[in-house]
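Note that this is a predicted model, so its numbers are computed, not measured. Sequence lines set the chain letters: A, B, ... in the order given, protein chains first and strands last, and positions in each chain run from 1.
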Number of protein chains: 2
Amino acid sequence: MKTKITLKDIARELEVSISTVSKALKNSEEISRDTKEKVQAFAKLYNYKPNNIAISLKNKRTKNIGVVIPDIVHHFFTTVIRGIEKYANARGYNVIVCLSEESFDKEVINMEMLANGSIDGFIMSLSSETQQKGDYNHLKEVTEQGIPVVLFDRITNEIDCDKVVIDDELGGYIATKKFIEQGKRKIAMITTGDYLSVSKARTMGYQKALSESSLGVNDDLVLKMPSMEMDENRIKEFLETQKPDAVLCVNEIFAVYSMRLVQKSGLKIPDDISFIGFTDGVLSKYANPSLTVVAQHGEKMGEVSAKMLIDKIESEEEEETYQTKILEPTLVIRESINQ
Amino acid sequence: MKTKITLKDIARELEVSISTVSKALKNSEEISRDTKEKVQAFAKLYNYKPNNIAISLKNKRTKNIGVVIPDIVHHFFTTVIRGIEKYANARGYNVIVCLSEESFDKEVINMEMLANGSIDGFIMSLSSETQQKGDYNHLKEVTEQGIPVVLFDRITNEIDCDKVVIDDELGGYIATKKFIEQGKRKIAMITTGDYLSVSKARTMGYQKALSESSLGVNDDLVLKMPSMEMDENRIKEFLETQKPDAVLCVNEIFAVYSMRLVQKSGLKIPDDISFIGFTDGVLSKYANPSLTVVAQHGEKMGEVSAKMLIDKIESEEEEETYQTKILEPTLVIRESINQ
DNA sequence: TTGTACGCGTTATCAT
DNA sequence: ATGATAACGCGTACAA
């Protein structure tokens, strides 16, 4: 086992001082060509690489960024991570991923763990528990220490930091508008509770489009599911009593699930009833019929978040100005609506 | 902005030495009760937390583990990460995720980046390019440096290290066996090239089950797709010429896609033709009909990998003994086959 | 041209 | 009971 070689090792072998080795490896002008060549050859031979930890300690920069998200088994977050990874790697940063699993406590613990020097900044999306609780002290502490934070998707106004969001209201709006233009008369929505900021915004967009139309808003047509868990009977009962001719679902799962239900009861998609979901994941693409969705552009979101964070990390000035980037959602048309 | 407080800061404020502070915070017997109380109160007040980087430098242990995988937008890998995360976090480790995106070069770069002190060990699954190339020098270098490595799923025999795999051959075997028991006569398989170790093993299991039966192996019934990309026409042509009554697909996508094709041509699933796929992801669950799959138990795999790695990291002895854990796949029965 | 000394934050050993 | 010192690996200002 050939253990990692250090500057000290090289210095000892070559009988020069550590700083000479250090300078030689950086091609410093101060060092003679002879010595440089000797040192560099030796370093290459033994595959010398500087120790990241030592450099981190010295520079007070780790070149790591912490990503804290509620759930990784969720296509949207997964694409965001990929975007972050790509961008961060290109700028020489590593990504430490921590999962809150929708738990406030885990979110706090993970952030504290990382905040003690392990990372130069955070990119995060709040757990649903945190959003329900409305307790953001862990975020406050981190920002007060001068650690940059970028919040994405599930954000809060209580914290001053950079933010990246999809215009979820617009997403709900354009989807509903699409239904209206196609002459649908009973447009329903299946969503979660208002505690999830995104669900709330999407529902508002839905309501806005309806109130601008001659159809008007009818609260009976909105089903608020108490949790992200599927509840077969609630949805079934809702669809059977309300008999909508179009349904906007706050996520893919609700949509695909609802489509199966109505298909079993003999309805034809998209003629008898049309569907639009949120999140352009595998499910939508391979559903039968394939699902029209409001695409969230997660990868783009990840890239933008990473860029904002790293720019802030590397900026000298202590600017206290924060911006919120709003990405526009787009409709990906598939078979679940008329063309 | 209240910047992080250090031992030195506390020592200065309380007019004691740094080492006294350090000991007091560890409740050392050497320190008087008075001093301890004073120091601990002060530390709590200013929310002192030791700097991870300094501790890493001192201990030569980072409490980070590096995970290098080909792709994160893939349900199986995602579940593995979750398993790793859960287990690693519980033992106080953080997870640094790097994506090779199926590229040999990226795999090498990422590993080198992490190997210079950022992590205590690797958990990884090889990129397809690496497996095709058969070049494992980057892994050799890392293991020779004494950094523990656990390979999972996409592994190689060229490297001596701990490994965790699903018994993919068994998976192919039990799925095919199931078809045979149900009286299927023309059992086809849609797979990728042999360069992916898992595909190869699954195909071998398929062949084994057939050769043990009266049906025998017929190479015309095996479609090897040149890449993971979907190629509509290849599959369509294959299904139309061979007209199988059962199809085993090496992944979810192939399966769901094939099901749509046969449904469009009027066949009934599962009576006219049955399907089994690999990987128990969202796609299978919500497909129409829902897809019977050979479940890979990714989360379990992640946990086992993390346990093996951390045990090795924390074991004193320099045991050169490596083990390969083989997890058993199970069949998750859904609507795409007869019950 | 080369080397010395110090600092990053912490801990462990040895002295007082 | 407390403190000084060295060490982890590196970089750099300063000295020789």
Side-chain angles (χ1 to χ4, degrees), chain A residues 3-40 42-43 46-64 113-120 145-147, chain B residues 3-40 42-43 46-64 92 114-120 145-147:
Chain A
T3 170
K4 274 261 149 182
I5 194 173
T6 70
L7 288 185
K8 189 196 267 186
D9 298 328
I10 302 182
R12 185 173 2 87
E13 289 303 315
L14 264 39
E15 296 182 307
V16 289
S17 80
I18 295 179
S19 55
T20 303
V21 176
S22 174
K23 288 171 187 164
L25 289 175
K26 299 196 116 63
N27 243 319
S28 162
E29 294 300 325
E30 304 177 23
I31 307 294
S32 73
R33 185 129 54 88
D34 265 16
T35 315
K36 279 199 280 195
E37 279 173 4
K38 200 173 54 175
V39 170
Q40 288 173 3
F42 190 92
Y46 285 94
N47 193 28
Y48 169 79
K49 294 276 169 51
N51 179 313
N52 292 331
I53 298 292
I55 292 177
S56 294
L57 183 58
K58 177 137 245 298
N59 297 347
K60 302 194 161 201
R61 318 272 245 63
T62 61
K63 288 257 177 181
N64 287 157
M113 198 158 170
L114 294 180
N116 301 130
S118 298
I119 51 89
D120 297 336
Q145 279 171 33
I147 302 178
Chain B
T3 171
K4 274 257 145 182
I5 194 175
T6 70
L7 287 185
K8 190 196 269 185
D9 298 328
I10 301 181
R12 187 174 0 88
E13 289 303 315
L14 264 41
E15 295 181 307
V16 289
S17 78
I18 295 180
S19 45
T20 302
V21 176
S22 175
K23 287 171 187 163
L25 289 175
K26 300 194 118 64
N27 243 318
S28 162
E29 294 300 326
E30 306 179 24
I31 306 295
S32 71
R33 185 128 54 88
D34 265 14
T35 315
K36 278 199 279 194
E37 279 173 5
K38 200 172 54 173
V39 170
Q40 288 173 3
F42 191 93
Y46 286 93
N47 193 28
Y48 168 80
K49 294 276 168 53
N51 180 312
N52 291 332
I53 299 293
I55 292 178
S56 294
L57 182 59
K58 180 123 243 299
N59 297 348
K60 303 194 162 201
R61 314 273 240 64
T62 62
K63 288 255 177 183
N64 287 156
L114 294 180
N116 301 130
S118 299
I119 50 90
D120 297 337
Q145 280 171 34
I147 301 179

Could you give the distance from [atom1] ([X]) to [atom2] ([Y]), rounded to the nearest 0.5 Å?
X: Thr20(A); Y: Leu14(A); atom1: OG1; atom2: CG; value: 10.0 Å
X: Glu13(A); Y: Ile5(A); atom1: CD; atom2: CD1; value: 7.0 Å
X: Leu114(A); Y: Asn64(B); atom1: CG; atom2: CG; value: 8.5 Å

Counting the atoms with a prime plus P, OP1 and OP2 as sugar-phosphate, which does [X] contact under 4.0 Å by heavy atoms, base, sugar-phosphate, or nothing?
X: Ser22(A); result: base
X: Lys26(B); result: sugar-phosphate
X: Leu57(B); result: base
X: Ser19(A); result: base
X: Ser56(B); result: nothing

Calculate the interatomic distance between [X] atom [atom1] and [N] atom [atom2]; express it in whole Å.
X: Lys49(B); N: dT10(C); atom1: NZ; atom2: P; result: 13 Å
X: Glu30(B); N: dA15(C); atom1: CD; atom2: P; result: 14 Å
X: Ile10(A); N: dC10(D); atom1: CD1; atom2: P; result: 8 Å
X: Lys60(B); N: dA7(D); atom1: NZ; atom2: P; result: 13 Å
X: Lys8(A); N: dG3(C); atom1: NZ; atom2: P; result: 16 Å
X: Leu7(B); N: dC8(C); atom1: CG; atom2: P; result: 12 Å
X: Asn116(A); N: dT10(C); atom1: CG; atom2: C1'; result: 13 Å
X: Asn51(A); N: dA7(D); atom1: CG; atom2: C1'; result: 14 Å

Can you see which heavy atom on [X] is nearest to which on [Y], and at what distance?
X: Ser28(A); Y: Lys36(A); value: O-NZ, 3.1 Å
X: Gln40(A); Y: Ala24(A); value: NE2-O, 2.9 Å
X: Ile31(A); Y: Lys23(A); value: CG1-CB, 3.7 Å

Worksheet item: Mapping Ala54(A) and Lys36(A) onto DNA chain C by nearest heavy atom, which one lands closer to the 5' end?
Response: Lys36(A)
Between [N] and [X], is there an OP1 or OP2 to side-chain N/O distance shorter than 4.0 Å?
X: Tyr48(A); N: dC10(D); answer: yes
X: Thr6(A); N: dC8(D); answer: no
X: Lys4(A); N: dG9(D); answer: no
X: Thr35(A); N: dT1(C); answer: no
X: Ser32(A); N: dT1(C); answer: no

Response to the item:
Picking from dA4(D), dT10(C), dC10(D), the nucleotide nearest the side-chain atoms of Lys23(B) would be dA4(D)
Fill in: Toward the 5' end of DNA chain D, by each residue's nearest nucleotide, Thr20(B) or Asn59(B)
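Result of the comparison: Thr20(B).
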Worksheet entry | Residue whose nearest DNA chain D nucleotide is more 5′ - Lys58(B) or Ile18(A) | Lys58(B)
Practice prompt. Before giving the answer on side chain to side chain contact (heavy atoms under 4.5 Å, CB included), spell out for Arg12(A) and Asp9(A) the whole-Å C-alpha distance, their side-chain angles and the decisive distance to 0.1 Å.
Written response: CA-CA 5 Å; Arg12(A) 185 173 2 87; Asp9(A) 298 328; 2.7 Å; yes
Fill in: Helical bend (five base pairs per end, nearest 10°) for the helix from dT1(C)-dA16(D) to dT16(C)-dA1(D)
70°
Discussion item. Is there a side-chain contact between Asn47(A) and Lys49(A) in this structure, where contact means two heavy atoms from C-beta onward sitting under 4.5 Å apart?
Written reply: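 Contact flag for Asn47(A)/Lys49(A) side chains = yes.
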